[in-house]
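Data block below; observations after.
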Amino acid sequence: MSLVERDLKVIWHPYTQMQTALPPVPIVRGEGACLYDENGKRYIDAVSSWWVNIHGHAHPYIAQKVSEQLKKLEHVIFAGFTHEGAVELAERLLKILPANQQKAFYSDDGSTAVEVAVKMCLQYWHNKGEKRTKMLAFKNAYHGDTFGAMAVSGRSAFTAAFDSLLFEVEFIDLPDESNIQSLKSQISNLKSNLACFIFEPLVQGSGGMLMYEAKYLDELMAHCRKEGILMIADEVFTGFGRTGKPFACDHVTEQPDIMCFSKGLTGGTMALGLTTCTQHIYDAFLSDDRMKTLFHGHSFTANPVACSAALASLDLFLDNSTAENIKRIETAHRNFALKIKDHPQIKTTRQTGTILAMEWETGVSTSYFSSLRDTLYQYFLAAGIILRPLGNIIYILPPYCITNEELAYIYSKIEQALEEI
Ligand SMILES: *Cc1c(COP(=O)(O)O)cnc(C)c1O
């Protein structure tokens, strides 16, 4: 039996309608920005394997560090015990995050990093004896698939089966010049019951690579600060260079109270979640009263192997060549966007840093809409490119090591698709 036949017998894939999905592509190895299937066919990973990969696949330096760690210590309980990797990673990350970030809490992935952040905010107010239980979030937000993370995400097809069970959240529009004043007064009206404001800074990934300007986020954050509302910056997707700066929050002057990381944290090697917070948040949990403890932890909290992958990825991230690669991709994207923006099939293009999104013209019918997504996905797959459209939105966010030739090939196939589809 082939790998795909065996897969179809036993596997249930994520975000996949198993009845109608085409068989999965069996990947056997990766190198640089590329993946290779059983028959040796090459695929350029233009979506960084669901946005996690930043330095390329099977990076030899990360592999070496992980392998060394595996032979030393694979795991240890993180309550009552500690280890070098977890401490060093926290020390080094806190040094490059906004200056108010002082403490690091580890978890498993992006969703759990968000769960921890939300629980920190809710219990912060609980510990202070104030009744603040409502959350504030943006429409079309995406913060993960576990229940708390899903609750602070926009209501959509993803959440429909659970809507009645999700806790109460106020959703506001993304800020722009026309609505910033009314958003501020909306927030002021809600403030007495608001536990926190959670947001994806500058780019809403799953929502369709929706982008908004740093200066309006800065204004909203300053307003929340003034009104005493805690802020969670979910940098699970935007962290580690995606927006052109190390973190999306580097584009604003205000600093969030809490930040969430995962995806690029280990260079996309393995799962690890991280929630950082200010001294002020941390202090609200210090007490002789045991009930003020943050009762949260996962079996694999701060797994030493995952921490070693993150440390190796950080070494590579801080190397000058990575910053140069990010600039190179930004420029290439900008030039390509200029070239295609007036094509009749292109509704809009938008770019933040290394993320380029293009909205395809769909006409009106929604059934055509969904078939267009599948058509485009298959078209690029056949051409040896992994582009996974969100509806009619195609986006490119490659590993930073992608070569100019690989980028040029992706662009040329998009231009070809604009003519042929
Ligand atoms: C992907 C994502 C998450 C969830 O991370 P997982 O590791 O998939 O659980 C949370 N927030 C944002 C902004 C994301 O893009």
Side-chain angles (χ1 to χ4, degrees), residues 33 44-57 59 62 93 96-98 109-111 113-114 138 140-144 174 199-214 217 232-252 256 259-269 271-274 276 309-310 313-314 316-334 336-337 349-358 386-388 390 393-402 406-407 410:
I44 303 174
D45 190 355
V47 297
S48 295
S49 281
W50 251 349
W51 322 347
V52 301
N53 191 296
I54 57 177
H55 305 301
H57 290 281
H59 195 289
I62 300 178
L93 282 176
I96 59 170
L97 291 177
D109 49 48
S111 299
V114 168
F138 283 130
N140 298 308
Y142 178 79
H143 297 290
L174 287 183
F199 54 90
E200 296 155 274
L202 304 195
V203 187
Q204 294 186 303
S206 281
M209 299 298 154
L210 306 174
M211 299 175 185
Y212 60 105
E213 282 181 54
L217 175 61
I232 304 171
D234 177 354
E235 294 235 23
V236 168
F237 167 48
T238 52
F240 300 97
R242 285 290 175 211
T243 65
K245 295 198 180 195
F247 302 97
C249 285
D250 294 333
H251 294 268
V252 295
M259 299 178 79
C260 304
F261 307 94
S262 186
K263 294 202 165 116
L265 175 59
T266 62
T269 307
L272 181 66
L274 176 66
T276 63
S313 177
L314 190 58
L316 298 171
F317 183 68
L318 296 176
D319 192 89
N320 280 341
S321 64
T322 300
E324 283 161 20
N325 279 335
I326 288 172
K327 284 223 171 65
R328 176 175 59 86
I329 295 168
E330 278 193 270
T331 308
H333 277 355
R334 194 171 314 117
F336 177 61
T349 66
R350 48 184 177 264
Q351 180 185 359
T352 302
T354 66
I355 309 161
L356 176 65
M358 293 145 274
I386 306 175
L387 280 174
R388 215 172 176 277
L390 293 157
I393 299 156
I394 285 195
Y395 61 89
I396 315 174
L397 55 101
Y400 307 143
C401 64
I402 191 167
E406 287 159 351
L407 271 177
I410 297 169

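Because the structure is a prediction, the values reported are computed rather than measured.
- Using a 4.5 Å heavy-atom cutoff, the side chains of Lys263 and Ile54 are not in contact.
- Leu316 CG to His55 NE2: the interatomic distance, rounded to the nearest 0.5 Å, is 4.5 Å.
- A donor-acceptor distance shorter than 3.5 angstrom exists from the side chain of Thr331 to the backbone of Lys327, with no hydrogens or angles considered.
- Annotation: the span from Thr266 atom OG1 to Asp109 atom CG amounts to 11.0 Å, rounded to 0.5 Å.
- For the residue pair Ser111 and Gly144, the shortest heavy atom distance occurs at OG-CA, 3.3 Å.
- Here the closest heavy-atom approach between residue Ile326 and residue Gly244 is recorded as CG2-CA, 3.9 Å.
- Without hydrogens or angle criteria, Gln204 side chain to Tyr142 main chain gives no donor-acceptor distance under 3.5 Å.
- The distance from atom CG of Leu265 to atom CG of Leu272, rounded to the nearest 0.5 Å, is 4.5 Å.
- Contact record, Ala33 with His57: C-CD2, 4.4 Å, taken as the closest heavy-atom pair.
- Residues Tyr400 and Arg242 have side chains in contact (heavy-atom distance under 4.5 Å, counting atoms from C-beta outward).
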Verdict with reasoning, Met209 to Val203, per side chain to side chain contact (heavy atoms under 4.5 Å, CB included): CA-CA 6 Å; Met209 299 298 154; Val203 187; 4.2 Å; yes
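- You'll find the side chain of His251 reaches within 4.5 Å of the side chain of Thr243, heavy atoms only.
- A donor and an acceptor atom, one from each side chain of Ser49 and Asn53, are nowhere located under 3.5 Å apart.
- Considering OG1 of Thr354 and CD1 of Ile329, their distance stands at 6.0 Å, rounded to 0.5 Å.
- Taking Phe247 as the reference, Phe240, Phe261 meet the ring pair (Phe, Tyr, Trp, His ring centres under 6.0 Å) condition, with sequence neighbours excluded.
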Verdict with supporting geometry, Leu93 and Leu274, side chain to side chain contact (heavy atoms under 4.5 Å, CB included): CA-CA 10 Å; Leu93 282 176; Leu274 176 66; 3.4 Å; yes
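- Residues Ser206 and Phe237 have side chains not in contact (no heavy-atom distance under 4.5 Å, counting atoms from C-beta outward).
- Qualifying side-chain hydrogen bond (donor to acceptor under 3.5 Å, both in side chains) partners for Asn325, counting only residues two or more places apart in sequence or in other chains: Arg328.
- Checked by atom type and distance alone, the side chain of Glu235 never pairs as donor or acceptor with a backbone atom of Pro201 at under 3.5 Å.
- Judged as a side-chain contact (heavy atoms from CB on, under 4.5 Å), and not counting sequence neighbours, the contacts of Ser321 are Asp319.
- The shortest distance between side-chain heavy atoms of Met358 and Leu356 falls below 4.5 Å.
- Remark: Tyr212 engages no residue in a side-chain hydrogen bond (donor to acceptor under 3.5 Å, both in side chains) (not counting sequence neighbours).
- At least one donor-acceptor pair under 3.5 Å links the side chain of Ser48 to the backbone N or O of Leu397.
- By the 4.5 Å heavy-atom criterion applied to side chains, Thr238 and Glu200 are not counted as neighbours.
- Nearest approach of Cys260 to Ala113, heavy atoms of both residues: SG-O, 3.6 Å.
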Pair Ile410-Ile44, side chain to side chain contact (heavy atoms under 4.5 Å, CB included): steps then yes or no: CA-CA 8 Å; Ile410 297 169; Ile44 303 174; 3.8 Å; yes
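- A search for side-chain hydrogen bond (donor to acceptor under 3.5 Å, both in side chains) contacts involving His59 returns nothing, not counting sequence neighbours.
- Between the CG atom in Leu210 and the CZ atom in Arg350 there is a gap of 5.5 Å [rounded to 0.5 Å].
- The shortest side-chain heavy-atom distance between Ser313 and Ile62 falls under the 4.5 Å cut-off.
- Rounding to the nearest 0.5 angstrom, the gap separating the CD1 atom in Ile396 from the CD1 atom in Ile386 is 13.5 Å.
- Of the possible polar contacts, one joining the Gln351 side chain to the Gly353 backbone as a donor-acceptor pair under 3.5 Å is found.
- Using a 4.5 Å heavy-atom cutoff, the side chains of Pro98 and Met259 are in contact.
- In this structure a side-chain-to-backbone donor-acceptor pair under 3.5 Å is missing from Thr352 to Ile355.
- Contacts of Phe199 classified as ring pair (Phe, Tyr, Trp, His ring centres under 6.0 Å), with partners at least two apart in sequence or in another chain: Phe197.
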